[in-house]
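To keep things clear, I will list the structure first and then write my remarks on it.
Chain A is the first sequence line, chain B the second, and so forth, proteins listed ahead of strands; every chain is numbered from 1. What you see is a predicted model; the values in this text were computed from it and never measured.
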There are 2 protein chains.
Amino acid sequence: MSAVSKTVRKSPPRTRGVRWNDAVQSREERNEAKRVALIRAAGRAFKAKGFHNTSLDEVAALLNLTKPTLYYYVSSKADLLYQCHDYALDLGEAAFQHGQEGRTGLDKLRRTLAKYMESMTHDFAAYSVLSDLNDMTPAQKRAIQKRRREFDTRFRALVSEGMADGSIREVDPMLTVAWFMGAINAIPRWFSEDGPLNGAQVADAYTDLLTRGLRV
Amino acid sequence: MSAVSKTVRKSPPRTRGVRWNDAVQSREERNEAKRVALIRAAGRAFKAKGFHNTSLDEVAALLNLTKPTLYYYVSSKADLLYQCHDYALDLGEAAFQHGQEGRTGLDKLRRTLAKYMESMTHDFAAYSVLSDLNDMTPAQKRAIQKRRREFDTRFRALVSEGMADGSIREVDPMLTVAWFMGAINAIPRWFSEDGPLNGAQVADAYTDLLTRGLRV
DNA sequence: CCTACCGATCGGTAGG
DNA sequence: CCTACCGATCGGTAGG
């Protein structure tokens, strides 16, 4: 087993350590892969130490690069944070797509949130829900808030849909969404991949609590 | 009415604006009142702009003071943050005291959380639940985490008590506490005293959602 | 409680 | 993609 793997993966000799954390796979998508690797590294570092306690020199060092190189992929440190947020919101969007396959309002809600929790417990993007929006420029902050409000509206619509089709009891959609999104967005504050529970278990338990609170 | 009040409150002429936001009332407790006024002003500013985006010059200016003066009441900026956290945890402690008057586990939990939400929606202390603990020294961070863990343990005990006395259905105390504390601690992220709902309304709605999820 | 002032950090750029 | 470097901010202190 070890002999085989030694033969099979002929990793090239590295004199200065892996750069870009091996995120570069093909040839044409190099830049995009690098950009994403940068956002991921930054997101993790920001989450671990805080935005202001993480210097761009440190982020660059995580990728075996120097700071000026980062400026080819982002225009400023705030832009780097903005891209973290944008990426996280893309994951939320994907969760909504996934949820559309549900039948009732409650079912769609469950599917959406399960997918969302899965992303949040696996990906670095979890940082964005902890971040201070004031660390971005006013325009960036507005853009993120706008996307967030859109998500909020869609969640409330799902709750209303569930009330209409009889799968969800009569509740205040605004407060209900605030309630469960608060609970869910707090997961990254305490969840660890090395902990006793994996992401799927947490997602199951939370989905159950949600369902018990909302069903008729 | 205006004529009366003009006569009654003979506010002294002020040449340089109110200092310490008029928090100084008696004579002997001056220092403590000033210290609390400082923590309050700092907590509000940190919440509004973020810890690192708020300079001590700005905090001092909020109290019509200069920065060096603050160092009579706190030993560093991190210490100021620490005291914000400590104050917030004192409010949590008070909430637990209040909750002890309940009969069943569920009742105690409801009373505790209602009181806690009332504090969080009224007082500046809400900032601490949003703050990045890494902005304190390692020792300070540990101290706050320790107190927080103690609260967590007590909350889980209340849930267990409720399960034992039959007021709460069978749940996982750890995940259940994480769930509702996540929801509750997120309130300061969206709540505004000028919004359509006051703190008591939010507390009622959340207590209701909690109860529906936990009762047998 | 204030007037200066220092020193370190760090985001960002020049220029190649 | 790197070496060097600038400039501003800001926590903290001296000294009164």
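For dG11(D), the paired base is dC6(C) (Watson-Crick or G-U wobble, both distances below 3.5 Å). Across all strands shown, the partner of dG16(D) is dC1(C), judged by Watson-Crick or G-U wobble contacts whose two distances both fall under 3.5 Å.
The interatomic distance linking Met136(A) (CE) with dG11(C) (C1') rounds to 18 Å, in whole Å. In this structure, CG of Leu56(B) is placed 12 Å from C1' of dT9(D), rounded to the nearest angstrom. One interatomic measurement links the two molecules: CG of Leu63(B) to P of dC1(C), which rounds to 10 Å at whole-angstrom precision. Rounded to a whole Å, the CG atom of Leu70(B) is 11 Å from the P atom of dG12(D). Distance, Asn53(B) CG to dG11(C) P: 13 Å, rounded to whole Å. If you take CG of Asp57(A) and C1' of dT9(C), they are 10 Å apart, rounded to a whole angstrom. Between the CZ atom of Phe51(B) and the P atom of dT9(D) there is a distance of 19 Å, rounded to whole Å. Summarising the geometry, the separation between CD on Glu58(A) and P on dT9(C) is reported as 12 Å, rounded to the nearest angstrom.
Aromatic ring centroids of Tyr116(A) and Phe96(A) lie 6.0 Å or more apart.
Between Lys67(B) and the phosphate of dA4(C), there is no side-chain N or O to OP1/OP2 separation shorter than 4.0 Å. Between dC1(C) and Arg30(B), no contact under 4.0 Å exists linking OP1 or OP2 to a side-chain N or O. Between Thr69(B) and dC2(C) there is a side-chain N or O to OP1 or OP2 distance below 4.0 Å. In this structure, Tyr71(B) does not reach the dA14(D) phosphate: none of its side-chain N or O atoms is under 4.0 Å from OP1 or OP2.
At the heavy-atom level, Ser75(B) lies nowhere under 4.0 Å from the strands shown.
Side-chain atoms of Ser55(B) lie closest to dG11(D) of the nucleotides dG11(D), dG12(C), dC1(D).
In this structure, Arg44(A) is not positioned above the aromatic face of Tyr127(A) in the sense of NZ or CZ being under 6.0 Å from the six-membered ring centre and within 45° of the axis. Cation-pi geometry between Lys77(B) and Phe51(B) is met: under 6.0 angstrom from the ring centre, within 45 degrees of the axis. A cation-pi geometry, defined here as NZ or CZ lying under 6.0 Å from the six-membered ring centre and within 45° of its normal, does not hold between Arg148(B) and Phe151(B).
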Item to check | Residue pair Leu197(A), Leu175(B): steps toward the side chain to side chain contact (heavy atoms under 4.5 Å, CB included) verdict | outcome: CA-CA 10 Å; Leu197(A) 289 75; Leu175(B) 280 171; 3.6 Å; yes
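Between His52(A) and Pro68(A), the residue anchored closer to the 5' end of DNA chain C is His52(A), taking for each the nucleotide with the nearest heavy atom. Residue whose closest nucleotide on DNA chain D sits further toward the 5' end, between Thr66(A) and Lys77(B): Thr66(A).
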